[in-house]
Every structure is written in C-alpha cells, then in structure tokens.
Amino acid sequence: MNYIQQAYKGQYKWYYWLITILLVFFGWQILGAIPLLFVAFMHADGLESFVAAGADNFMSLGINKNLFLFLMLFTFVVGLVFLLIGIKFIHKRSITSLVTSRKKIDWKRFFTGFLTWGSLAVAFSFIGIYLEPEIYTFNFNAKPFFILVAISILILPLQTSLEELLFRGYFMQGIGILAKNRWLPLLITSISFGLLHGANPEVQKLGSVMMVFYIGTGFFYGISTLMDEGTELALGLHAANNMFAAFLVTTDWMVFQTDALYIDTSEPSVSFEMFFPVVILYPLLLFFFSKKYKWTNWKEKLTGKIEKPVNLEENYRILEELGTK
C-alpha cells in the first residue's frame, strides 16, 4: 500500500475526519492556548490592553522571549497530542500509518532531511554574516541562549511535526482517498500550508509576495512526501528549518523573535534571496533525494490515481463487528 492508501487501514468515513479536525482545533487553538493567554493577561494593563495586544499575538507585552516561545510552541504540542489521539482512537489505526507507508518509521530518513537542511541553514547564515557584517549584531548571552537552544531541540520539532503530520499526513491522506488521486491533495495541502503562514509578521511586513516562499515550501515538502511514500524527510527538513531559524539569526519583524546568536538589523525588502530556496535549493534537494532513494515514476506518484485496496473494507467491517461483541 502506498502512503495515501494508509488511510484505509482504519475508519475513514467523512465524519471521522470531521471529528478529528475539530478535536485538533480544540486542542491547538483553545486548550493549548490557555497558558499563553493567562501569562499575557498577567502582563497586560487591564482587559483593554490585553485585547489590543492580541492583534500582534501578545508580542508587545514584554513577555520573556524564551517563555513566550515556549508558550506559543505549547499550543502546537497539545494540537499534536490531540491529532495522535484522533488517529489512534477515532480512526483506530496506528500512528505509524500517519507518518509513513513503511512498516516502521525510518529515522535515518528523518535525520538525513534534518542534517541536509541544517547544514545549508548554518552555511548560508554565516556566509551572509561574513559578506555583510555591518547589518548583524552579535547577541550571545549565555543563559537565555542555551535555554533557547534547549527549547529549540526539545519542543520545536513537536511544533513542526504537527504541521507536517496535519498537512502532509492527515490532510494529504484524507483528500487523497476522497479525490481518488495524488495531484489534488498535493495542490490543496501546499496552498493551505502557505495560507496558514499568511498571518506571520514577515508577510505583513513584506506583503503577499512572501506567500511564494511558503507555498513553494509546501510543495517541496509535499513532493518529498509523495515521492518517498512517507513524511520522514519532510519532518526532518521542517524541524531543521525552524530550529536553526530560532537560535541562529533573528530580527525584530519575523515570527521568531528570540535571544538568537545574531540579530539582523537590516530593513527588510523583497529580493532574490527570498526566492532562492524555491527556485534553486528545493529543486536541487529533490534531485539529491531522488538519487539517494532511487525515486522513479514521478508522474504516477505525483498525479496518479488512488484506489481502495481489494477486500480491505470488508476486513475492517469484520474487525469492527468483532470489536463490538
């Protein structure tokens, strides 16, 4: 069975998907946000100040940067827990089937994606610092920096895992078995992933042109998932991207405003640098992964039909009946 067909391994009627989506939304956006809202309210000067600060996600309230990052990431952790609960107890299938089509999760693939993008992120960051040292301020402060590194290593991969397992996993599989093809879930999840980031401060600062980067990144992760029949590479790539963005270089206008090693003080502007990953890096990485993992039959894997495995529905109907006796 291919990756999208993994959805057939459990309950897959439309209302199971609706229940799980509502469950994830409740965990991610409501229950998980309670600690952040409480801390924000304690920092605000009354209800009016609290409501006004909500317009910029409470970043203007002067909350400790590491505490704020942890509380923001905590919402994703709760959402991830609720997604896994939905897969296990509502859809009644294994967590592995959400992650990959392989019998078990291939952690070597995860670390290949992580180390590949991590190496590029570090290299390009320090090249930028070397070429334009005047726009970077060294910001090392041992205690907050190492707390930031700990949060980045322990919590940030959970944040990126929710996004990947929700978009490249849950939605990719759900839309795939509904549409009976591969191209529509790739298209919808990639665009939706970009739109999810539409409220980020950098989009407000630079304009909607930033969506080219986010939607392009969604396609990169989506193509990697479909060609590799699993999310391991995408999970590693996304984790590395956010981790190194958090503690290497920060600005006062990006979504990650942290106690990073360097602060970029330049005035943001639209340039080729913004499109470089989409136009150059992503195609090169797809080529690299295709050679490493011997990807073939691109047209079928990216646009082909999705069919229900023979006799699978009957097998699960029998199992469900046995489970009720």
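Hydrogens, waters and symmetry mates are skipped; everything else that's a heavy atom, side chains included, is used.
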- Message: For the CZ atom on Phe275, are there more than 12 heavy atoms of other groups (residues, nucleotides or ligands in this structure) within a distance under 6.0 Å?
- Response: yes
- Is the shortest distance from a Lys or Arg side-chain nitrogen in Asp228 or Arg102 to a carboxylate oxygen in the other one below 4.0 Å? yes
- Report the C-alpha distance between Tyr3 and Thr231 in whole Å, list the side-chain angles of each, state the deciding distance to 0.1 Å, and finish with yes or no for side chain to side chain donor-acceptor pair (under 3.5 Å). CA-CA 9 Å; Tyr3 178 65; Thr231 62; 4.7 Å; no
- Counting distance only, does the side-chain N/O of Ser97 pair as donor-acceptor with the main-chain N or O of Ser94 below 3.5 Å? yes
- Item | CD (Gln29) with more than 12 external heavy atoms under 6.0 Å | yes
- Query: In terms of ring plane angle, is the pair Tyr170 and Trp17 parallel, tilted or perpendicular, where the classes change at 30° and 60°?
  - Reply: tilted
- Query: Is it true that the side chains of Gln11 and His91 contain a donor and an acceptor less than 3.5 Å apart?
  - Reply: no
- Message: Once you measure the plane-to-plane angle for Phe26 and Phe82, does it fall in the parallel (<30°), tilted (30-60°) or perpendicular (>60°) bin?
- Response: tilted
- Task: Please work out which of the three classes, parallel, tilted or perpendicular, describes the rings of Trp298 and Trp295, given edges at 30° and 60°.
- Result: perpendicular
- Task: Would you indicate whether the side-chain heavy atoms of Ile175 and Leu178 approach each other to under 4.5 Å?
- Result: no
- Might you point out which heavy atoms bring Lys104 and Thr96 nearest each other, and give the distance in Å? CA-CG2, 4.0 Å
- Given side chains that start at C-beta, do those of Val39 and Phe68 come closer than 4.5 Å, heavy atoms only? no
- Task: Using a strict 4.0 Å threshold on nitrogen-to-oxygen distance, state whether Arg182 and Glu229 make a salt bridge.
- Result: yes
- Separation between OG1 of Thr75 and CG of Leu80, rounded to the nearest 0.5 Å: 11.5 Å
- Message: Go through it in stages, so that I can follow the logic: the residues are Asn139 and Thr137, the test is side chain to side chain donor-acceptor pair (under 3.5 Å), and I'd like the CA-CA distance, side-chain angles, deciding distance and then a yes or no.
- Response: CA-CA 6 Å; Asn139 187 53; Thr137 300; over 6 Å; no
- Message: Cation-pi check for Phe193 against Arg168: NZ or CZ below 6.0 Å from the six-membered ring centre and within 45 degrees of the axis, yes or no?
- Response: yes
- Do Val278 and Phe220 come close enough that some side-chain heavy atom pair is under 4.5 Å? no
- Task: Mind telling me whether Tyr136 and Tyr262 have parallel, tilted or perpendicular rings, with 30° and 60° as the class edges?
- Result: perpendicular
- Measure the spacing between CG of Leu285 and CG of Leu237 and express it to the nearest 0.5 Å. 7.0 Å
